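This report concerns only the one structure given below.
All chains are named by letter (A, B, ...) in the order of the sequence lines, taking the proteins before the strands, and each is independently numbered beginning at 1. Quick caveat: nothing in here was measured; it's all calculated off a predicted structure.
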2 protein chains.
Amino acid sequence: MGRDGKPTYDKILAESKALLFENGFSGTSIDQILQRTGITKGAFFYHFKTKSALAKALIEEYAKEDILHMNEALKKTKYLEGDALERLLQFIQEFVDMMSGLSEPYSCLYATYTYEPSQFDEETLRHISETILTWRKTMEQLIRDVLQDYDTKIEIDIQSLADHTVVIFEGAFVVSKALKGRDLTADHLKHLKNYFQLLFVRKTTED
Amino acid sequence: MGRDGKPTYDKILAESKALLFENGFSGTSIDQILQRTGITKGAFFYHFKTKSALAKALIEEYAKEDILHMNEALKKTKYLEGDALERLLQFIQEFVDMMSGLSEPYSCLYATYTYEPSQFDEETLRHISETILTWRKTMEQLIRDVLQDYDTKIEIDIQSLADHTVVIFEGAFVVSKALKGRDLTADHLKHLKNYFQLLFVRKTTED
DNA sequence: TTCAATACATACCAACTAGTCTGTTTAATT
DNA sequence: AATTAAACAGACTAGTTGGTATGTATTGAA
C-alpha cells in the first residue's frame, strides 16, 4: 500500500552526504537538500523526523559500509594467514588499491561530525568512536598475529600502532581536501605499509 | 584617543576559536560569541566587518603560530645540522614533547575549515593550503639533507614523505577528538619518528 | 471499487541569523 | 574644559532556519 519511498530515501541520503562534504552539517540547510534532490519538505520530514535523524542515518550507513570494506579486505587476505606480516601488508595494500586513481579528494563523515560535535547527539557520536574502536580491534589482532613470529625493531605500543592506520586515513583525507588536488590517501597508506615492513623482523629461532 | 580595543579583539579571537572547535563555523553564531565574551554586537562588528572577516583573521593568526612553532623546532635542532637524520628525528621529537601531556584532544582550524569549505572565501582557504605547502617545503629540505648521507631501505617519493608529517598531525587530531579521550598526537608522531629511523640507512662509503 | 496506509505537496510559523543604524562612552590631545 | 576619534551599546530588520499542519496523490489489498 502506498508508493515505494525507497528511492526518495536513498536520494536524500546520497545528496545530503555530498552536501555535508561541501558545507558541513550546520552549513547544510534542509532547503538546500530539497533543492538538490527535487524533493519537497513534506517528503523529507516524512522520511526523517528531524535533521538530527538524518545525521544519524547518514553516519550509520557510512560506518556500515566502512566496516564492510574492512571485512572485505580481511576476507581477501585470509589466504595469507600463514605469514601474518604478509597478510598485514596485503591488507593495507587492498586499501591502497581502493584509493588509487581517485581524482577528487575523498571526504570522511567521521571528520565532518568530529569537527562540529555539538551538532550531534551522544548516540551518533558514539557510533563514530565505536567504529574507530572496531578498526582498532581488527588492527590489533592483525598485529598480534604478526608478533607471534616477528619482533619489532623499535619498542611499540600495540594499541597505538593499531590506531595508526585510521590516523593515516583521516590525516590523508584532511590534507588532500585542504590542498584541493588529487587524493593522496593511497600514497600515505604506502608509507604505513613501509613502516610495517621495516618495523617487523622475523624472530630468530634459538636452537 | 578612545579606549584600547586590543583586549576585546583578542577575546573575540580566543573565544571564537574555542567555539569553532565545538560547533564548527556555520554552527557558531555571532550571538553565541557575544554571550561567551560578554561583548555586544556593536563591539563585534566594530572589530570585524563580517563573520567571514573573523574567519580570515582566525586562520591567519592560527597559521602564523603554526609556522612559528615549526620554525622554533627548526631553530632548536639547528645544532644537529651535522647529522641530518638526527636532526630530523629531533625535529619530530620537539613536537612529541609539545603534544605530550595534553589532557584534552587538540583541535585544528585547518580541518575545521577544510570540512566546510563552502563557508570560506578563496583567499582564506588558500591560506591553509599554502601553510601546508610551507610544511611540505620544510620537511622536504630536512629529508633531502638526510639523503645526502643516507639511502632509503624502501624507495620513496620525497614530496609524499614530506607531507606525511602533516598527515599524521591531522589524523591524530581527528582520531583523538573522535575517541574523546586524551590527545594521541604525541604517540603517532613517535610512529613517524620510528618510520624515519627505520627508513634511512647510512650510505656505505665504497673505498 | 472501495478502503486504508504509505508517500508526498505546500502553505505557514516562531526562532534565529548576520548585519545595520543611531547613539553613547572613553580617553588622549589641544 | 573642550574637542575628537576610537570603542562600544543595544534596538532593529530582512532573510533564513528547522519544523508543523493540513491536505492530496498513489497503490496494493479486501
Side-chain angles (χ1 to χ4, degrees), chain A residues 1-20 22-59 112-113 116-125, chain B residues 1-20 22-59 112-113 116-125:
Chain A
M1 321 130 180
R3 50 188 140 166
D4 182 21
K6 190 81 195 320
T8 304
Y9 180 89
D10 290 342
K11 208 172 177 184
I12 294 174
L13 280 190
E15 294 299 327
S16 298
K17 195 169 77 175
L19 278 167
L20 282 201
E22 299 169 28
N23 315 322
F25 182 71
S26 322
T28 301
S29 69
I30 292 171
D31 282 336
Q32 267 177 290
I33 297 172
L34 303 185
Q35 267 197 355
R36 274 275 252 276
T37 52
I39 283 163
T40 62
K41 212 153 234 192
F44 179 89
F45 281 101
Y46 172 77
H47 289 287
F48 302 98
K49 209 177 173 187
T50 62
K51 200 188 174 193
S52 281
L54 168 66
K56 201 180 152 195
L58 269 173
I59 206 69
T112 304
Y113 284 34
E116 38 180 341
S118 74
Q119 314 296 331
F120 309 96
D121 50 43
E122 279 308 315
E123 201 186 339
T124 300
L125 293 177
Chain B
M1 319 132 180
R3 50 189 142 168
D4 183 21
K6 191 81 196 318
T8 304
Y9 180 88
D10 290 343
K11 208 172 177 185
I12 294 174
L13 280 190
E15 293 299 326
S16 298
K17 195 169 78 175
L19 278 167
L20 282 201
E22 298 169 28
N23 316 321
F25 183 71
S26 322
T28 301
S29 69
I30 292 170
D31 283 335
Q32 267 177 289
I33 296 172
L34 303 184
Q35 266 199 355
R36 274 276 252 275
T37 52
I39 283 163
T40 63
K41 212 150 235 192
F44 179 89
F45 281 102
Y46 173 77
H47 289 287
F48 302 97
K49 208 177 174 187
T50 62
K51 200 188 173 193
S52 281
L54 168 68
K56 201 182 152 194
L58 269 173
I59 206 71
T112 305
Y113 284 34
E116 38 180 343
S118 74
Q119 315 296 330
F120 308 96
D121 50 45
E122 278 307 315
E123 202 186 337
T124 300
L125 292 177

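Residue order along DNA chain C, read from the 5' end via each residue's closest nucleotide, puts B:Phe25 first among B:Asp4 and B:Phe25.
Remark: A:Lys51 is positioned above the aromatic ring of A:Phe25, its terminal NZ or CZ atom under 6.0 angstrom from the ring centre and at most 45 degrees off the axis.
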**Report entry** Trace of the side-chain contact (heavy atoms from CB on, under 4.5 Å) decision for A:Leu54 with A:Ile33
**Finding:** CA-CA 11 Å; A:Leu54 168 66; A:Ile33 297 172; 3.7 Å; yes
Report task. For the pair B:Leu34 and B:Thr40, evaluate side-chain contact (heavy atoms from CB on, under 4.5 Å) and give the outcome as yes or no after the intermediate values. Result -> CA-CA 6 Å; B:Leu34 303 184; B:Thr40 63; 5.8 Å; no
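With rounding to the nearest 0.5 angstrom, the CG atom of B:Leu13 is 5.0 Å from the CG atom of B:Leu58.
When rounded to the nearest whole Å, the span between CD1 of A:Ile30 and C1' of D:dT20 equals 12 Å. Atom CD of B:Gln119 is separated from atom C1' of C:dA18 by 13 Å (rounded to the nearest Å). Between the NZ atom of B:Lys6 and the P atom of C:dA27 there is a distance of 18 Å, given to the nearest Å. As rounded to whole Å, 8 Å separates atom P of C:dC8 from atom CD1 of A:Ile12. Between A:Leu34 atom CG and C:dA11 atom P there is a gap of 14 Å when expressed in whole angstrom units. Following rounding to the nearest Å, B:Phe120 (CZ) and C:dA18 (P) show an atom-to-atom distance of 13 Å. Protein atom CD1 of A:Ile33 is 13 Å distant from nucleotide atom C1' of D:dG19, rounded to whole Å. Between the P atom of C:dT26 and the CZ atom of B:Arg3 lies a distance of 6 Å, rounded to the nearest Å.
Across all strands, A:Thr28 comes closer than 4.0 Å only to sugar-phosphate atoms, never to a base (heavy-atom distances).
One finds a salt bridge joining A:Lys41 and A:Asp31 here, because a Lys/Arg side-chain nitrogen approaches an Asp/Glu carboxylate oxygen to under 4.0 Å. Checked for salt-bridge contact, B:Glu22 and B:Arg36 meet the test: a charged N lies under 4.0 Å from a carboxylate O.
Side-chain contact check for B:Glu15 versus B:Thr37: some heavy-atom pair is nearer than 4.5 Å.
One finds a side-chain N or O of A:Ser29 lying less than 4.0 angstrom from the OP1 or OP2 phosphate oxygen of D:dT17.
Contacts between residues 36-52 of chain B and DNA chain C, defined by a heavy-atom separation below 4.0 Å, involve B:Lys41, B:Phe45, B:Thr50, B:Lys51, listed by number.
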